[in-house]
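Sequence lines set the chain letters: A, B, ... in the order given, protein chains first and strands last, and positions in each chain run from 1.
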Protein chains: 2
Amino acid sequence: MTRATSTLKTYNQDCSDCPIRHRAVCARCESDELEQLEQIKYYRSFEAGQTVVWAGDTMDFVASVVTGIATLSQTMEDGRRQMVGLLLPSDFIGRPGRSTSAYDVTAATDTVMCCFRKKPFEDMMLRTPHIGQRLLEMTLDELDAAREWMLLLGRKTAREKISSLLTIIARRDASLQLTMTDGSLSFDLPLTREAMSEYLGLTLETVSRQMSSLRKEGLIVTEGKRHITIPDFDRLLEETGDDSDGGFLM
Amino acid sequence: MTRATSTLKTYNQDCSDCPIRHRAVCARCESDELEQLEQIKYYRSFEAGQTVVWAGDTMDFVASVVTGIATLSQTMEDGRRQMVGLLLPSDFIGRPGRSTSAYDVTAATDTVMCCFRKKPFEDMMLRTPHIGQRLLEMTLDELDAAREWMLLLGRKTAREKISSLLTIIARRDASLQLTMTDGSLSFDLPLTREAMSEYLGLTLETVSRQMSSLRKEGLIVTEGKRHITIPDFDRLLEETGDDSDGGFLM
DNA sequence: CATCGGGATTGATCTACATCAAGGAAGTTG
DNA sequence: CAACTTCCTTGATGTAGATCAATCCCGATG
């Protein structure tokens, strides 16, 4: 929260400082277009666990995650929940052309989002084709991720699911690029056991047991409840059930 | 096959006859743009069970399903398979900006596709923004479908999965709009039990058992192995675990 | 018309994961 | 520094769906 608020202050001054400029919606914008985006953007920060919008609520903005992690989830009447989206920094939230959210959007950690008011953003999309192109690219990437996720949900064992999730987070979490020294990686798990279980289509007890099992076998090392070290990434990869080559390449 | 070839002949003459004109990529094109699409399109037909491309193969076209049903699947090294896409007429295949297919594409029934050579299609996308916009809309719809599917894979029981699949096919299969007389719907299941099991993340035995169970309870009526009648759609809907209102509305 | 072969069904058994239940660690609140 | 809370772990038991195995159905083929 404290950290979130201070970053907010910094970014709010000028879009050129804003990390999303380089990676998300406005990656290819000219300076005048950046200026237009400046006009319609604002920042919001959320504490870990806080709900951004509920499924069915009206959502009058689209957004890009600046820092932190947000999730999209669906809930069934009887309370069964399935996560369907995991949004890391630079990921995009919201669907142009729809006014209500189809999913619960939740901040998994303290999170800052760069929001754009929906209507002006859509207008701008019409005027500026490469924003739409960028959005198409991002949506196609998300679709690929969703399909990988479907394989995980439909066919992988609990152990494979856990290993897969750990490798996914390890790969995408930029912060740990630094910590690769002797070939081991370490990072803070940004998800509770419950959030992991919602991602994986398991119960939190099964998640906990499988984590313990990986720990006992030395595939992961834990410090406290959240900090994880992977001493040998390739060895963990073998537990995911994935093709050894695929994914990383191309 | 016979039927496929004869339709092919008809469509090949002029894009104005082509069903995809009204629903897929070129839905908003002006006549000169249609003319350009004419130049780069060709038809291909496939027999039920035939593979269109294997995962990893180069794919030098994008396409739209004209008739029949195609599937996208992923395979793990040990042979476990998960379907990740079900493509009905007017659905789009292929990803602009990628030269190899990430999935096995298979014709589930006899199928005709309207293909566009990739390079010229991509060039045209750059010149014609609304083709990109249309593609973005379609991709967003697919992403929504994938997320619904993730809920099914991660959290639904076998019975709920089967009921969901039947309602999905019933809703999307245009051919049966006709057969709604007394409130009952009937249609030909376009998938084998095995394909259903790959869609649902189950074994084919479980699919078969659950189908028998729904039959015994009168939720569905079967003629032969493939023809299905749903005497009371709402009653089947209650078995899906879905929100009774959601989905159909909005 | 017998044989064949690719679905589909059904039964018997096994097992991975869920469910139910009881603590434990670590932060934080009065 | 007790008493909560929140998150996590671990154990005992139950069960939905997988697995293994026979049999059936039915259109195709010689």
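The side chain of Arg209(B) approaches dG11(C) more closely than any other nucleotide in the set dG11(C), dA8(C), dA12(D). With dC8(D), dA18(D), dA18(C) as the candidates, the nucleotide lying closest to the side chain of Arg193(A) is dC8(D). Closest to the Thr157(A) side chain, of the nucleotides dA21(C), dC17(C), dA8(C), is dC17(C). Side chain of Ser208(A), nearest nucleotide from dG7(C), dT9(D), dT9(C): dT9(D). Picking from dG11(C), dC25(D), dA18(D) the nucleotide with the shortest atom distance to the side chain of Lys225(B) gives dC25(D). Listed nucleotides: dT9(C), dT9(D), dA18(D). Nearest to the side chain of Leu202(B): dA18(D). Listed nucleotides dA8(C), dT10(D), dA21(D) differ in distance to Glu205(B); the shortest reach to its side chain belongs to dA21(D). Of the candidates dC17(C), dT10(C), dT10(D), the closest approach to any side-chain atom of Lys216(B) belongs to dT10(C).
Checking the phosphate oxygens (OP1, OP2) of dG6(C), no side-chain nitrogen or oxygen of Thr192(B) falls inside 4.0 Å. Contact annotation: Thr206(B) side-chain N/O to dG17(D) OP1/OP2 distance is not under 4.0 Å. Under 4.0 angstrom from either OP1 or OP2 of dA18(D) there lies at least one side-chain N or O belonging to Thr203(B). Applying the 4.0 Å criterion to OP1 and OP2 of dT9(C), one finds that Arg215(B) has a side-chain N or O inside that range.
Atom pair Glu223(A):CD and dC8(D):C1' shows a separation of 17 Å (rounding to whole Å applied). Counting to the nearest Å, the P atom of dA18(C) and the CZ atom of Arg81(A) are 17 Å from each other. Taking atom NZ on Lys156(A) and atom C1' on dA16(C), their separation rounds to 17 Å, with Å as the unit. In this structure, Leu200(A) atom CG and dA18(C) atom C1' are separated by 15 Å, rounded to whole Å. Between the CD atom of Gln82(B) and the P atom of dA18(D) there is a distance of 12 Å, given to the nearest Å. Spacing between atom CE of Met196(B) and atom P of dA8(C) amounts to 9 Å, rounded to whole angstrom units. Leu204(A) has its CG atom 11 Å from the P atom of dC7(D), to the nearest Å. Here the P atom of nucleotide dC17(C) and the CD atom of Glu160(A) are 9 Å apart, to the nearest Å.
Projected onto DNA chain D by closest heavy-atom contact, Ser212(A) and Arg155(A) fall at different nucleotides, the more 5' of which corresponds to Ser212(A).
None of Lys156(A), Arg159(A), Glu239(A), Glu148(A) except one satisfies the side-chain hydrogen bond (donor to acceptor under 3.5 Å, both in side chains) rule with Ser164(A); the exception is Lys156(A).
Residue contacts shown for Arg159(B) are absent, as no nucleic acid heavy atom lies under 4.0 Å away. Arg80(A) comes within contact range of no nucleotide atom at all, as no heavy-atom separation falls under 4.0 Å. Gly201(B) comes within 4.0 angstrom of the backbone, heavy atoms only, and of no base.
No donor-acceptor distance shorter than 3.5 angstrom exists from the side chain of Gln50(A) to the backbone of Thr106(A), with no hydrogens or angles considered. Looking only at distances, a side-chain donor or acceptor of Asp78(A) sits under 3.5 Å from a matching main-chain atom of Arg80(A). Looking only at distances, no side-chain donor or acceptor of Arg81(B) sits under 3.5 Å from a matching main-chain atom of Thr75(B). Between the side chain of Thr109(A) and the backbone N or O of Ile69(A) there is at least one donor-acceptor pair closer than 3.5 Å.
Side-chain contact between Ser163(A) and Thr240(A) is present, with at least one heavy-atom pair separated by less than 4.5 Å.
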